[in-house]
Amino acid sequence: MDATLDELMTVTAARALTGGTCFVGIGKPSLAANLARRLHAPDLVLIYESGPIGSKPTVIPMSIGDGELATSADFVVGVAEMFNYWLQPGRFQVAFLGAAQIDRFANINTTVVGPYQAPITRLPGAGGAPEIAASCGEVMVIVQQTRRAFVERVDFRTSVGFGDGPGHRERLGLRGRGPQRVITDLGVLQPDPATCELVMTALHPGVTREQATAATGWELRFADDLQTTPLPTALELTTLRGLPLG
Amino acid sequence: MDATLDELMTVTAARALTGGTCFVGIGKPSLAANLARRLHAPDLVLIYESGPIGSKPTVIPMSIGDGELATSADFVVGVAEMFNYWLQPGRFQVAFLGAAQIDRFANINTTVVGPYQAPITRLPGAGGAPEIAASCGEVMVIVQQTRRAFVERVDFRTSVGFGDGPGHRERLGLRGRGPQRVITDLGVLQPDPATCELVMTALHPGVTREQATAATGWELRFADDLQTTPLPTALELTTLRGLPLG
Amino acid sequence: MAELVSLAEAVHRHVRDGDTVAIEGFTHLIPTAAGAALIRSGRTDLHLVKMTPDVVCDQLIGAGCARALTFGWGGNAGVGSLHRFRDAVENGWPRPLALDEHSHAGLVNRYVAGASGLPFAVMRGYVGTDLPAHNPTISKVTCPFTGEELTAVAALNPDVAFIHAQRADRAGNVQLWGIVGAQKEVVLAARRSIVTVEEVVDTLDRRPGDVILPSWVLSAVAVVPGGARPSYAAGYYERDNDGYRAWGETSKTRESFTAWLDGVRSS
Amino acid sequence: MAELVSLAEAVHRHVRDGDTVAIEGFTHLIPTAAGAALIRSGRTDLHLVKMTPDVVCDQLIGAGCARALTFGWGGNAGVGSLHRFRDAVENGWPRPLALDEHSHAGLVNRYVAGASGLPFAVMRGYVGTDLPAHNPTISKVTCPFTGEELTAVAALNPDVAFIHAQRADRAGNVQLWGIVGAQKEVVLAARRSIVTVEEVVDTLDRRPGDVILPSWVLSAVAVVPGGARPSYAAGYYERDNDGYRAWGETSKTRESFTAWLDGVRSS
């Protein structure tokens, strides 16, 4: 069975979810989390920003507030309680974020391309991202790897990855460990433990270093033990393709 | 029908409740509020500190958390929400407080008799009172009038009436109008609008000025138009006596 | 106490030009019909507030009713951009739109402070981001016990709040359930509040996870079946995903939007 | 994840001498059986925390288990004094009791801050009273937007929280309903938490107004039917008003209390 790139990205993300609590977004994150729950992480607790805690949707939602997220949840909380009692104290172990721009230190922009007061492109904005990036145990980013998205410096820092580099999260008092995996259509980047710089730790089958370098707006480094992303298994693919979409 | 003093106090309190929202305590306040609801103020919204909003108990509770307060309520909130979303912004128009000591400016002590670090009598403490006294539209105090209770200066200021006198509530930023009625076994005291001092505005039938003066630890003043508390009507008494107690 | 009136009458009585108007419903129970009623009313210079502006704010912005927007995430969930929002911000069409931009956590805490009668709320948030530099309603406060520096956000007390709920009783008490968002907070923070409901019933039988808003904290209740479409009302109708996609098309150009707007204004 | 164990085992595993132990239940679902288990365990030097200390703290104080008490209102509701509490404060018997005294609003906000991962909470409270002069966990904070001075209370994060709930499922998820007090806040503020329940069921059918505490925020769940007596458990048993009156008698003298205590220790 041949996996599409989208499927490969989703399965790669799903494999990184081994249990505990997961703060889910819409799209691939929701697919990945629900795939993990059906395969290797049946006890994974899914939390959606709109309030549902312990959702077990049968249909993958189109919005983070779809009805079944609530009806299938262990319980539903209001937005204030979600952020203040649950997210802020660090009760969520993994969270997903998207990005319009991401930089070398995994800082994320979802606000504007261009100057804030005179944007070239006005993006949707922050949503839950700044506090997710600050407080969740770790963050997984899913994003297409292009020169437009992978920039030397984000135009606007909507969510903090590693800020200006080593020690910056700690100086800011951010409690979570920050982005630990950036899953792209070319491979996986992870922060170098010493420099906090995102380095390519895996390439998808058939992707070359040159392709990755060309798609990155900073001088991309590759891990010494650069891996090839394992292809989805037949079970993973069948299960993923069997997930009903809302 | 002859009313007891307790009944007279309860009915006097009930008559002062004309509608809106009422934050109720246990004992006479609860009797008074439920009596008012059955007679002249059927839409009176009863709130109990334990969480019930819009309680319609058939049995008068012994504790502020009796089960029927919740089951008969429009809804029940947690203690945090009760104080933060409902009491603090001033959504309750009238509240009842008791007092172990009360002074000339209607400040209330329910903490200690004697020095705080070496009390002669340790009282239960503040409970909800400080914020009730600060934030409710007005406060009604029900208390026995004795020299022990009606003191020149409270040993401990648990809840603020008018503090040190005129303008003090405003300087402290307290939003409610403070104690507007102190109902005792001898009559009713109300704050002088100019001096904020509690003055006797009504005596119960048969009570003399001398009795009231003798029961008060400060030089008690009487209103120019001192009233005699109207006796309970037969309907009031019958209804009060018919309230089932928990 | 809330009066049961028509939606047009509720808008007429309780909304003034220049008001700060919060519209809540977090991915559920979005009061879209109320937005159309605002457009028809001709009220203008509004400062809109919504965590997720959604279709309802896109329509009001495109119609020129808004001078400012306080928000958290301005996209068409599952579809793409809010084109009228973007056109106003990027091109000032039909008029410039001042932005007061927050995270969801920050904006909901502004409602919490407003509902609590406090001038600000404390949180961990925005730290290290570029948001505070562009927003005077985000500041710092120092813990008097530990010396730690935390984020403060200013209370938000809208002039008017709009929400949509499943039902009300005849006394104007309101019940909603499912994803309950920040509806309680926005109503308690607002000076006046208007609730559209799917139906009026004799008794609000309680439901697990429901929220009751008593009549005495509301200004008006209006019966508007389907008033949350293309959003949904749990127990009444599903999210109209095609409706959101259709709005993506309708709103894409000024021309197609204007045709839509003419239809609303003449209806 | 919460383990289902006996109450004695839960205390043994999760409570240490000197711990700050919060016991919640605001006039309902008061975990009185847990208090007796603490006495039997021999744990001592505890710093007890309860908005309304009630019979459970009176017993622990009389038994000499507590070095300190954080509280809001220390009476026997509808009966009179908590005599063991008074004897400890007034006479130091059986040992002195340090007091950390709050209003209910203040103490619940200390839990709210603790549950929210913040070092303090902002409120309007205590202003003009003598309480702040005796309590270093009450302070001031200035609004960075308006300059207004408000009250700050320090976060409270107990080492252990005890609550009683109606029921749990086999995975250790807990459900309570009726008057829900500050149970959610105290559990989320505490490092460890122990829940006694009336029963374990296969499925937690949701109820209006219920609170769910997921197993993954709890340490232990113990089945203790009647564990809230003389308080009550909505849907299971009523408040035992005679039991509260009887405690008023039992606790009145050191002799009658000691006889009661001997009985608990030998049971």
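The chains referred to below are lettered A, B, ... by the order of the sequence lines, with proteins before strands, and numbering in each begins at 1.
- Put simply, CG on A/D192 and CZ on A/R104 are 11.5 Å apart, with the number rounded to the nearest 0.5 Å.
- Of the listed residues (C/S231, C/A182, C/G181), the one with the most heavy-atom contacts under 4.5 Å to chain A is C/G181.
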Kindly determine whether C/E198 and C/H164 satisfy side chain to side chain donor-acceptor pair (under 3.5 Å), including the steps that lead there. CA-CA 8 Å; C/E198 290 297 323; C/H164 186 78; 2.7 Å; yes
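- Between the A/D155 side chain and the A/V113 main chain, no donor and acceptor come within less than 3.5 Å of each other.
- Residues A/M82 and A/I47 meet the side-chain proximity criterion, which asks for heavy atoms closer than 4.5 Å.
- For A/L123, the part lying near chain C is the backbone, with the side chain staying farther off; criterion is any non-hydrogen pair under 4.5 Å.
- Ranked by heavy-atom pairs shorter than 4.5 Å toward chain C, the options A/S135, A/G173, A/P124 are led by A/P124.
- For a residue to count as touching a neighbouring chain, one of its non-hydrogen atoms must lie under 4.5 Å from one of that chain's; by this rule A/N84 touches chain C with the side chain only.
- Of the inter-residue distances, the one linking A/S159 atom OG with A/I102 atom CD1 reads 10.0 Å to the nearest 0.5 angstrom.
- The most heavy-atom pairs under 4.5 Å with chain C, out of A/G128, A/A133, A/G51, come from A/G128.
- Heavy-atom distances place no part of A/I132 under 4.5 Å from chain C, backbone and side chain included.
- Of the atoms belonging to A/P52, it is side-chain heavy atoms, and not backbone ones, that fall under 4.5 Å from chain C.
- Ring to ring, A/W86 and A/F75 are close: their centroids are under 6.0 angstrom apart.
- Not one N or O on the side chain of C/S103 forms a donor-acceptor pair closer than 3.5 Å with the backbone of A/G127.
- With rounding to the nearest 0.5 Å, the separation of CG in A/L35 from CG in A/L17 is 9.0 Å.
- Both the backbone and the side chain of C/Y126 have a heavy atom closer than 4.5 Å to some heavy atom of chain A.
- Taking the ring centroids of A/Y116 and A/F156, they lie under the 6.0 Å cut-off.
- Chosen from C/G128, C/A77, C/G178, the residue pairing most often with chain A at heavy-atom distances under 4.5 Å is C/G128.
- Under a 3.5 Å cut-off, the side chain of A/N34 and the backbone N or O of A/R37 do not form any donor-acceptor pair.
- With a 4.5 angstrom heavy-atom cutoff, A/T121 touches chain C via backbone and side-chain atoms both.
- Interface residue A/A80: backbone and side-chain heavy atoms are both found under 4.5 Å from chain C.
- Note: A/N109 CG to A/D103 CG = 9.5 Å, rounded to the nearest 0.5 Å.
- Heavy atoms of other residues, nucleotides or ligands lying less than 6.0 angstrom from CZ of A/R147 number more than 12.
- Separating the OG1 atom in C/T70 from the NE2 atom in C/H47 is a distance of 2.5 Å, to the nearest 0.5 Å.
- When the candidates C/H28, C/H102, C/H104, C/E148 are compared by the number of heavy-atom contacts under 4.5 Å with chain A, C/H104 comes out ahead.
- The six-membered or imidazole ring of A/F105 lies away from that of A/F162, with a centre-to-centre distance of 6.0 Å or more.
- With a 4.5 Å cut-off on non-hydrogen atoms, A/L174 touches chain C through its side chain but not through its backbone.
- Scanning residues 114-125 of chain C against chain A with a 4.5 Å heavy-atom cutoff picks out C/M123, C/R124, C/G125, ordered by number.
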Check the pair A/K28 / A/S30 against side chain to side chain donor-acceptor pair (under 3.5 Å), numbers first and verdict last. CA-CA 5 Å; A/K28 288 196 187 69; A/S30 193; over 6 Å; no
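- Neither the backbone nor the side chain of A/R171 comes within less than 4.5 Å of any heavy atom in chain C.
- When each of C/E101, C/K184, C/Q183 is checked for heavy-atom pairs under 4.5 Å with chain A, C/E101 comes out on top.
- With chain A as the partner, the residue from C/H134, C/E149, C/E185 showing the most heavy-atom pairs under 4.5 Å is C/H134.
- Taking C/L107, C/V112, C/V180, C/L131 one by one and counting their heavy-atom pairs under 4.5 Å with chain A, the maximum is reached by C/L131.
- The aromatic ring centroids of C/F85 and C/F71 lie less than 6.0 Å from each other.
- Ranked by heavy-atom pairs shorter than 4.5 Å toward chain C, the options A/E49, A/Q117, A/H168, A/E131 are led by A/E131.
- Both the backbone and the side chain of C/V127 come within less than 4.5 Å of a heavy atom of chain A.
- For residues 234-250 of chain C, heavy-atom neighbours of chain A at less than 4.5 Å comprise C/R239, C/N241, C/R245, sorted by residue number.
- Within the 4.5 Å cutoff, no side-chain heavy atoms of C/S81 are placed close to those of C/N76.
- Taken to the nearest 0.5 Å, the CG atom of A/D185 stands 11.0 Å off from the OG1 atom of A/T4.
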Test A/E68 against A/K56 for salt bridge (charged side-chain N to carboxylate O under 4.0 Å, His left out), laying out the working first. CA-CA 8 Å; A/E68 204 202 358; A/K56 294 165 274 291; over 6 Å; no
